[in-house]
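Working notes for the structure below.
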Amino acid sequence: MVQITHFYQEERSMSEETEISVFDILIKIDDNTWEVPIGYKAGMHVPGRIFVSGHLLGILEKETIDQVANVAMLPGIQKYSMAMPDAHLGYGFSIGGVAAFDKENGIISPGGVGFDINCGVRLIRTNLLENDVRPKLSQLLDDLFEAIPTGVGSKSRLRVSDAELDDIFINGVQWAVDKGYGVKEDLDHCESGGKIPGADPSKVSAKARKRGRPQLGTLGSGNHFLEVQYVDEIYDEELASVFGLHKGQVTFMIHCGSRGAGHQICTDHLQVLTQASRKYNIALPDKQLACAPAQSPEAQDYFKAMLCAANYAWVNRHVIMHWTREVFEKTFAEEFGDLGMHLVYDVAHNIAKLEEHTVDGKKTEVYVHRKGATRAFSPGHPDLPDDYRVTGQPVIIPGSMGTASYVLCGTKESMEISFGSACHGAGRVMSRKSAKSELHGEQVREELSLKGIQVRASQPSLIAEEAPEVYKSSSEVVDVVHDLGIAKKVAKLLPMGVIKG
DNA sequence: ATGTTC
């Protein structure tokens with residue numbers, strides 16, 4: 001029997017807590033399901049469920065378990081407070097957290113969405129093969145780096161008026177398609193059609209608008225990227241064929257969010273909801289869990305503003321996709337003709353949505369908070385576009401820089417186990433600070449280059465912060481959700497070139 | 001993630 005104990009970061013002072021093993025807290029349900037019992041902390045309304053393999057459990061922080069337990073104390077939570085295999089410490093709610101709250105008796109919390117509202121990812125396929133692209137890869141990446149503004153505080157070459165910003169907040173990708181960015185088909189291949197109704201720009205502050213206006217069509221920083229990839233392996237030929245994927249094919253992936261706009265909207269409303277938590281007498285185990293009753297004006301104002309940021313983020317990824325398509329056209333269309341650059345799908349990783357789920361055999365409406373988690377709806381779900389209704393929803397899981405990304409597919413089991421949710425990515429294991437002090441950007445770049453992966457980034461330190469070794473293995477995380485059955489593996493994608501913020 | 005320490 002292997003004894004797995006919890007290892008704290010070095011800077012953390014030794015205390016009696018360091019003696020606690022995760023086995024002292026968690027109850028094993030099956031190989032990939034561990035329960036935080038309802039008695040772990042006084043005030044938990046439901047147990048926690050952490051979906052990890054034995055190995056991933058060994059690197060799970062105790063604080064992440066505490067965050068799962070804290071969320072279980074919030075009013076109106078349904079079934080379980082959950083954490084996906086890529087879970088790690090976040091603001092209030094863990095990243096990788098999934099929690100559903102009753103529409104009438106539950107709460108809405110910005111901490112359950114995160115600062116980067118609708119951070120998400122989209123995958124675009126092409127008709128090109130790996131060997132078509134390799135000879136021109138360097139030039140392609142240079143041109144992409146030129147076309148797509150990256151980095152903190154980067155500004156777009158797209159100028160939108162104040163009135164257009166309202167239109168973007170309300171109509172999302174529909175605005176972009178009407179403007180000539182992308183095509184109508186793209187709308188169907190975004191989660192929620194790239195536009196959630198109910199967004200209200202009057203709930204967005206002047207400051208958030210000011211930050212958001214110049215940033216539409218910018219990649220941002222951190223783990224955000226634009227990656228040129230190829231399909232390395234197909235796990236399910238039938239599903240892959242519906243998604244238009246085959247071995248050797250070149251794809252590109254865009255991972256980014258709502259930039260300064262979403263960040264400011266979260267900051268603004270956190271302030272209001274911190275007051276509201278007191279006003280409505282909600283006992284908070286952690287002030288970062290600030291929230292309000294779902295139907296209160298405070299919670300609804302946040303929700304309506306959050307939807308503005310969500311719609312903005314879809315447009316952001318859409319505009320970046322448009323410019324990327326243009327660069328591919330410029331580089332390859334003369335030689336290869338129609339490049340077939342169809343959007344496979346676009347998923348949100350940080351969002352709260354009002355959805356219908358079955359709880360205790362009854363259909364009920366809940367606010368599902370997914371923070372670093374992906375919707376993974378089942379075959380036949382009415383929210384899916386016609387062409388994917390038979391397969392289930394494509395679930396796009398980006399890897400960390402230089403590692404594999406995955407395409408999975410939603411299942412019936414995800415609806416039963418995890419409110420139609422799966423994991424979102426690799427999950428950090430080393431802080432940005434540690435990564436910067438322990439790793440050197442140029443060395444990481446060199447190591448990736450030896451693996452045939454070219455990186456373009458504004459600063460070498462950013463490469464160090466996002467090095468492969470600072471993340472959990474994406475394949476390990478994906479195997480857990482596949483083995484649990486909450487999403488099914490379809491294809492593995494390997495990077496050829498990365499544009500970093 | 002983030003006008004990276006309101």
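Per chain, numbering begins at 1; letters A, B, ... match sequence-line order.
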Please report, rounded to the nearest Å, how far the [atom2] atom of [N] is from the [atom1] atom of [X].
{"X": "A/Q215", "N": "B/dT4", "atom1": "CD", "atom2": "P", "result": "12 Å"}
{"X": "A/K436", "N": "B/dT4", "atom1": "NZ", "atom2": "P", "result": "12 Å"}
{"X": "A/E465", "N": "B/dT2", "atom1": "CD", "atom2": "P", "result": "12 Å"}
{"X": "A/L462", "N": "B/dT4", "atom1": "CG", "atom2": "P", "result": "14 Å"}
{"X": "A/H269", "N": "B/dT2", "atom1": "NE2", "atom2": "C1'", "result": "17 Å"}
{"X": "A/R259", "N": "B/dT2", "atom1": "CZ", "atom2": "P", "result": "5 Å"}
{"X": "A/E466", "N": "B/dT2", "atom1": "CD", "atom2": "C1'", "result": "14 Å"}
{"X": "A/D268", "N": "B/dC6", "atom1": "CG", "atom2": "P", "result": "14 Å"}

Check your understanding: For A/Q271, does the CD atom have more than 12 heavy-atom neighbours from other residues, nucleotides or ligands under 6.0 Å away?
Key -> no
Practice item. Report the residues that fulfil side chain to side chain contact (heavy atoms under 4.5 Å, CB included) with A/H342, sequence neighbours left out, ordered by chain and then residue number. Key: A/R125, A/E185
Exercise for review: Name the nucleic acid region contacted by A/G257, choosing base, sugar-phosphate or nothing; use a 4.0 angstrom heavy-atom cut-off, strictly under.
Suggested key: nothing
Check your understanding: So what does A/S258 hit on the nucleic acid, given a heavy-atom distance under 4.0 Å: a base, only sugar-phosphate, or nothing?
Key -> nothing
Practice item. Sorted by first residue and then second, give each salt bridge (Lys or Arg N to Asp or Glu O under 4.0 Å) pair with at least one member in residues 258-281 of chain A; sequence neighbours left out. Key: A/K279-A/E298
Check your understanding: According to a strict under-4.0 Å criterion, is A/R432 in side-chain N/O contact with OP1 or OP2 of B/dT4?
Key -> no
Point to revise | Under 3.5 Å donor-acceptor, A/W34 side chain and A/F51 backbone | key: no
